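The structure under discussion appears below in the form of structure tokens.
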Amino acid sequence: MPPRIHLRAAVIGGLAGALSLFTVGAHAQVGAPGRLLASNCFQCHGTNGKGPGFDRLAGQSANSIYSDLKEFQSGKEGNGIMARHALGYTDAQLRELANWLATQR
Ligand code: HEC
């Protein structure tokens, strides 16, 4: 019965499509993993935020890193490198960054 096989293939294809759509949606919600985002910081703060370089980020709490980044982003900390840098991230990304950096001891 060729028509039935055909139908089954279509259903499976549809399911696979729906699943991959779901995966893309879920990924967008969670955001890029913190370590990948933080690799942008290593040039100045050292690999994994452990220096040498400017302020060491490893060992600080997530809340402290996040609030520093929000301060930079708001412009309250002047117009330096970090103010410019922080502007490039969404709030969710700053959280991801801070949470990941806080896992570094
Ligand atoms: C081009 C160099 C450069 C890059 C790249 C950079 N930073 Fe910075 N960062 C600095 C400098 C310089 C300071 C000190 C600025 C100041 O105190 O005004 C600083 C300070 C900070 C501070 C405050 C630390 C403290 O103890 O007061 C945090 C938090 C921070 N950076 C996070 C990040 C994160 C997260 C990234 C990556 C998304 C990043 N930085 C990328 C140069 C950089």
Side-chain angles (χ1 to χ4, degrees):
M1 301 171 212
R4 200 182 244 176
I5 289 166
H6 201 83
L7 185 68
R8 210 172 268 176
V11 168
I12 290 169
L15 267 178
L19 273 176
S20 66
L21 265 180
F22 177 76
T23 313
V24 168
H27 196 77
Q29 249 176 7
V30 174
R35 182 166 194 298
L36 186 62
L37 290 169
S39 63
N40 272 333
C41 325
F42 298 166
Q43 161 197 7
C44 297
H45 292 281
T47 304
N48 296 337
K50 295 181 182 180
F54 298 110
D55 307 293
R56 187 187 160 91
L57 302 177
Q60 297 195 31
S61 75
N63 279 340
S64 153
I65 295 172
Y66 175 78
S67 64
D68 282 348
L69 289 169
K70 290 306 280 183
E71 292 248 303
F72 284 127
Q73 203 176 48
S74 72
K76 283 182 211 151
E77 288 287 320
N79 199 18
I81 293 171
M82 278 309 302
R84 297 299 171 96
H85 203 81
L87 280 176
Y89 297 91
T90 65
D91 202 58
Q93 286 172 327
L94 292 183
R95 278 266 174 229
E96 291 262 357
L97 274 165
N99 288 343
W100 186 83
L101 285 164
T103 66
Q104 300 302 295
R105 298 285 152 214

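Values reported hereafter were calculated over all heavy atoms of this structure, with side chains retained and with hydrogens, waters and symmetry mates removed. Everything numeric here is computed off the predicted structure, so don't read it as measured data.
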Worksheet entry | Side chain proximity check, Arg95 to Thr90, heavy atoms < 4.5 angstrom | no

Discussion item. Tell me every residue that passes side chain to side chain donor-acceptor pair (under 3.5 Å) with Asp68, counting only those two or more places apart in sequence or in another chain.
Written reply: none

Fill in: For Asp91, all residues meeting salt bridge (Lys or Arg N to Asp or Glu O under 4.0 Å), sequence neighbours excluded
Lys70

Item to complete: Scan residues 69-103 for pairs that pass ring-ring contact (aromatic ring centres under 6.0 Å, His included), counting only residues two or more places apart or in two chains.
Response: His85-Tyr89

Worksheet item: Which atom pair, heavy atoms only, marks the closest approach of Gly78 to Ala83?
Response: O-CB, 3.4 Å

Worksheet item: How would you list, by chain and number, every residue that makes a side chain to side chain contact (heavy atoms under 4.5 Å, CB included) with Glu71, sequence neighbours excluded?
Response: Lys76, Glu77

Discussion item. To the nearest 0.5 Å, what is the distance between CG on Asn99 and CG on Leu94?
Written reply: 10.5 Å

Worksheet entry | Counterpart residues, side chain to side chain donor-acceptor pair (under 3.5 Å), relative to Ser64 (two or more places apart) | Gln60

Worksheet entry | Residues that Tyr66 engages under ring-ring contact (aromatic ring centres under 6.0 Å, His included), provided they are two or more places apart | none

Worksheet, complete the sentence: In this structure, CD of Gln104 is separated from CG of Asn48 (nearest 0.5 Å) by 4.5 Å

Item to complete: Just grab all the salt bridge (Lys or Arg N to Asp or Glu O under 4.0 Å) pairs involving residues 36-58, residues at least two apart or on different chains.
Response: none

Fill in: Minimum side-chain heavy-atom gap Leu97-Cys41 below 4.5 Å
yes

Item to complete: For Leu101, enumerate each residue passing the side chain to side chain contact (heavy atoms under 4.5 Å, CB included) test, keeping only those at least two apart in sequence or located in another chain.
Response: Ala38, Leu57, Ile65

Item to complete: Work out which heavy atom in Ala98 is nearest to a heavy atom in Ala62; give both atom names and the distance.
Response: CB-O, 3.4 Å

